[in-house]
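Notes follow the structure.
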Amino acid sequence: MPELPEVENIKKDLRKTLIGKQIQRVFVYTEKMIKVGAGKISNIKKGSKKQTQEFIKTLKNKRILEIQRRAKYLIISLSQKHFLVIHLRMSGQLIFRNKKQLKEPLLLSVAKNAVKEKLPNKHTHLEIVFKGEQRLFYNDIRQFGHLRLVNQKELEEIFENLSLGPEPLSLSFEGFKEISETYKRKRAKDFLLDQRVISGIGNIYSDEALFRSKINPSRKIYSLKEAELKKLFQNIKLVLNEAISAGGSSIDSFKRVNGNSGKYTEKHLVYGRSGFPCPVCKRKLLSKKIGSRTSTYCGYCQK
DNA sequence: CTTGCGACCTGTTGGC
DNA sequence: TGCCAACAGGTCGCAA
């Protein structure tokens, strides 16, 4: 589900709601979604009772000190140098409810036949109860996401192993040019999606940035003129910043921590609009698989 | 090293 | 209406 703007909004929401709170109780409903330590994520499916017990025991009575984002990861700092590292992957949601809100059913998806539900529901995998009966729920329909509990050293180990590329919003054009030189053999779409090249961009914002830059997603990076590279660099920042301000894009299940949707979806010029007219030239937008992801683009405007 | 593809899951949509 | 294939904000691991 979420790319950088969505995760950034969740981070901001969590800062407002969670900082200073103390964890009272923890319910793990789906063991394979959680992990303790810095081991490989693929081992997560072996989620064990022992690990779950340790997860619950360690979280208990901890305080929330700070929430940060790196790429599409959320890092929740807890007292006594423990950290909760969360990746929402395609369909993860973090929803916060106070005692009164708990009784109100929530619309957790934007699908046509979506029904309001109370929490926890069948897609709730973790529930954290804070003092005062306020709760944070982790829901994840597709169960691709994960939450892991680590100490300082393990936190560093995780991010070292990930070798994430720079954050696009704090990247200079000089830095962008440098990585474009290093990865010049990639197609533009692959370049933007590769988290070790630049981190935080996914399928929506890569398509949107390429369209606004009039660059075909299949173009090789080495073929881009300096002016095109510059436009791409600026448009990445533009779409990410606009999306952050709009609260992100709610395609299906993306929800803010209060259950609200993001409003950037209506600003999408190409993502999810294959077959519809190009907003500039009115020709039908095309779609094509690039690196096993669907890219939507205008065959006429994007050279 | 890169590339490509299946795997991981459940749910929704569009075509017949 | 029903069924069934294709597809969905993302990585990860493995083979070539």
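Keep in mind that this is a model prediction, so the values were computed, not measured. We name chains A, B, ... by the order of the sequence lines, and we start the count at 1 in each one.
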Report the distance from atom [atom1] of [X] to atom [atom2] of [N], rounded to the nearest whole Å.
| X | N | atom1 | atom2 | value |
| --- | --- | --- | --- | --- |
| Arg148(A) | dT11(C) | CZ | P | 14 Å |
| Phe191(A) | dT2(B) | CZ | P | 13 Å |
| Leu193(A) | dT2(B) | CG | P | 16 Å |
| Lys35(A) | dC12(C) | NZ | C1' | 14 Å |

Could you check whether Tyr205(A) gets within reach of a base, just the sugar-phosphate, or nothing at all, counting any heavy atom under 4.0 Å?
->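 The residue Tyr205(A) makes no contact with any strand.
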Across the strands shown, which category fits Tyr264(A) at heavy-atom distances under 4.0 angstrom: base, sugar-phosphate, nothing?
-> nothing
Lys32(A) vs Thr30(A) side-chain heavy atoms within contact, under 4.5 Å |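 In short, these two side chains touch, coming nearer than 4.5 Å.
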Would you say Val280(A) and Phe211(A) make side-chain contact, with heavy atoms under 4.5 Å?
->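 Side chain of Val280(A) against side chain of Phe211(A), heavy atoms only: contact under 4.5 Å found.
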Relative to each other, are the rings of His125(A) and Tyr138(A) parallel, tilted or perpendicular (30° and 60° limits)?
->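 Correct class here is tilted.
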Fit a plane to each ring of Tyr29(A) and Phe27(A), take the angle between them on a 0 to 90° scale, and name the class: parallel (under 30°), tilted (30 to 60°) or perpendicular (over 60°).
->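 Aromatic pair Tyr29(A)/Phe27(A) classed parallel.
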Mapping Thr294(A) and His87(A) onto DNA chain C by nearest heavy atom, which one lands closer to the 5' end?
-> Thr294(A)
Backbone of Ala71(A) reached by a side-chain donor or acceptor of Arg69(A) within 3.5 Å = yes
Partner nucleotide, any strand, of dC7(C) [Watson-Crick/G-U, under 3.5 Å] =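 Its partner is dG11(B) (Watson-Crick or G-U wobble, both distances under 3.5 Å).
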For nucleotides 8-13 of chain B, which of its nitrogen or oxygen atoms have a protein nitrogen or oxygen under 3.5 Å away, and what is each distance?
unit_1	atom_1	unit_2	atom_2	d
dC9(B)	OP1	Lys32(A)	NZ	2.9
dC9(B)	O5'	Lys32(A)	NZ	3.3
dC9(B)	O2	Arg142(A)	NE	3.0
dC9(B)	N3	Arg142(A)	NH2	3.3
dT10(B)	O4'	Ile141(A)	O	3.3
dG11(B)	OP1	Lys122(A)	NZ	3.2
dG11(B)	OP1	His123(A)	NE2	2.8

Give a yes or no on this: more than 12 heavy atoms of other residues, nucleotides or ligands lie within 6.0 Å of atom OH of Tyr222(A).
->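 At most 12 heavy atoms, drawn from other residues, nucleotides or ligands, come within 6.0 Å of this atom.
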Interface polar pairs with nucleotides 13-16 of chain C, N/O, under 3.5 angstrom:
unit_1	atom_1	unit_2	atom_2	d
dG13(C)	OP1	Ser42(A)	OG	2.7

Are Ser249(A) and His268(A) linked by a side-chain donor-acceptor pair shorter than 3.5 Å?
-> yes
